[in-house]
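Letters A, B, ... are given to chains in the order of the sequence lines, protein chains preceding strands, and every chain is numbered from 1.
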There are 2 protein chains.
Amino acid sequence: MAPRGETKERILAKALESFSTVGYDGTSLDDLAESLGIRKQTILYHFVSKRGLLNAVLDESVKILTESLEEVLASNDPHRDRIEDLVRSVFRVALEQPLLLGLLREVSRPGSPAAPRLKNQMGPLMERAISWMEGEMEAGRMRKTDAQLVLLSAYSTVVGLATEIEILRTAGVERVLRPSAQRRQELLHFLRTSLTPAE
Amino acid sequence: MAPRGETKERILAKALESFSTVGYDGTSLDDLAESLGIRKQTILYHFVSKRGLLNAVLDESVKILTESLEEVLASNDPHRDRIEDLVRSVFRVALEQPLLLGLLREVSRPGSPAAPRLKNQMGPLMERAISWMEGEMEAGRMRKTDAQLVLLSAYSTVVGLATEIEILRTAGVERVLRPSAQRRQELLHFLRTSLTPAE
DNA sequence: ACCAAGACTTACCAAATGGTAGAAAAATAG
DNA sequence: CTATTTTTCTACCATTTGGTAAGTCTTGGT
């Protein structure tokens, strides 16, 4: 029927949607298959198990996020504000694909079956960001604080934003751009005040 | 056996724990009963259905939260900073009973079966807070912004904090007091800058 | 002592769940 | 066209799930 890996990607997309809204346990393979006009066993064929499907969806999502961050981290332009670029980059993803951060929210919950995997996936990126921040602190361009804490705080704010977007959308609110812009300002402000060296 | 409503409250406590960690769908009545040394039908006897149990847990949690907020909103002492009191109050709850906000996070997810109920429960409190803020705006003591948005933003920050506490605890991190204090400062700062009238 | 109401249990069930085994179809290679 | 591999489907299955029916046991009132 479908000659290329089209089916696999369709499954991934719908799975992301389902996982990030009704959650992992709330997602039934039968329902998922039915909504795709496909038999459940087709899903199992491509992803072996439900957990395998979750892992695949998670890997893909983390990859997209990672790429969008790596891109910014890699640039060495001293004229650009690296932090602002990072924040803008993440917010762009959050606006374009809120489901993606919805999945993160779902998966980062304590007790989630994929929590350890997420930790492994995000580990390298986190460490890289942390070591970069610590370098900046050493050089005196950044106030000395707990880098991991700042990261964690920023992370939860962004995920919170994404969740808000979801909620607002389901509540029928159309204008989500202004709130998100305001939220971004808030995050930027927090990062600035907590990162710039004390005068 | 247990003459007073002791069993009922034990069920509520364990249910709150389970719902706020593994989620509604991830909670099995059988497991819940077993962890209480009780038969599943005892739970059904007290709460009719699983949904009924969720509603009961939610009602109790919202009640606790509401009381702790009403207490602050009711006071009319002009010498006290109302906003700071509110923030402190919520953070105290978040620290003492993180599971409570964990439940909120679980339930406020789009697609949650109890989302509309939560909306109804929190509705009056929200409206009260909003009308108070709008009154302050009229009087010029507060910058004119979207009150609902500010509330939503603060809410998600607090819930984010509670989740962090949970995550940090499961990750074995012991010192959660310092991070939360820092987070509270951040929230306060945000509220101040976004609420004080423009100079 | 008796009875009614409350509290908790055993017995059971229909539906849904994730998963296995293997056939049928479709695509691809020779 | 045929052989092979990839993809999808039909047929089942064991377990778990929330829930019903009806019993037992306890407690308190009269």
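Atom-to-atom, CD of B:E34 to C1' of D:dT16 comes out at 13 Å; the value is rounded to the nearest Å. For B:L36 and C:dC8, the CG to P distance is 11 Å, given to the nearest whole Å. Here D:dT8 presents its P atom at 11 Å from NZ of A:K8, a figure rounded to the nearest Å. Computed from coordinates, the A:I43 CD1 to D:dC9 P distance equals 10 Å when rounded to whole Å. Whole-Å rounding puts the B:Y45 OH to D:dT24 C1' distance at 14 Å. Rounded to whole Å, atom P of C:dC8 lies 11 Å from atom CZ of B:F47. In this entry the distance linking CD of B:E9 with P of C:dA7 reads 13 Å, nearest Å. One can place CG of B:L32 at 17 Å from P of D:dT16, the figure rounded to the nearest angstrom.
A:H46 has no side-chain polar atom (N or O) that falls below the 4.0 Å cut-off from OP1 or OP2 of D:dT6. For D:dC9, the OP1/OP2 oxygens have a side-chain nitrogen or oxygen of A:T42 closer than 4.0 Å. Neither OP1 nor OP2 of C:dA7 sits under 4.0 Å from any side-chain N or O of B:T7.
The distance from atom NZ of A:K40 to atom OG of A:S28, rounded to the nearest 0.5 Å, is 7.5 Å. Taken to the nearest 0.5 Å, the CG atom of B:L103 stands 10.0 Å off from the OG1 atom of B:T21. The line from CZ of A:R117 to CG of A:N55 is 3.5 Å long, rounded to the nearest 0.5 Å. Here the straight-line distance linking atom CG of A:L54 with atom OG1 of A:T27 works out to 9.0 Å at 0.5 Å rounding.
Using a 4.0 Å cut-off between charged side-chain N and carboxylate O, A:R88 and A:E84 make a salt bridge.
In this structure, the nucleotide among D:dT6, C:dC8, D:dT10 sitting nearest to the side chain of A:Q41 is D:dT10.
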Can you build the contact string for nucleotides 13-18 of chain C? Use B for base contact, S for sugar-phosphate-only contact, and - for no protein heavy atom under 4.0 Å. ----SB
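Take A:R51 and apply the side-chain hydrogen bond (donor to acceptor under 3.5 Å, both in side chains) test, not counting sequence neighbours, and it matches no residue.
No more than 12 heavy atoms of other residues, nucleotides or ligands sit less than 6.0 Å from atom CD of A:E34.
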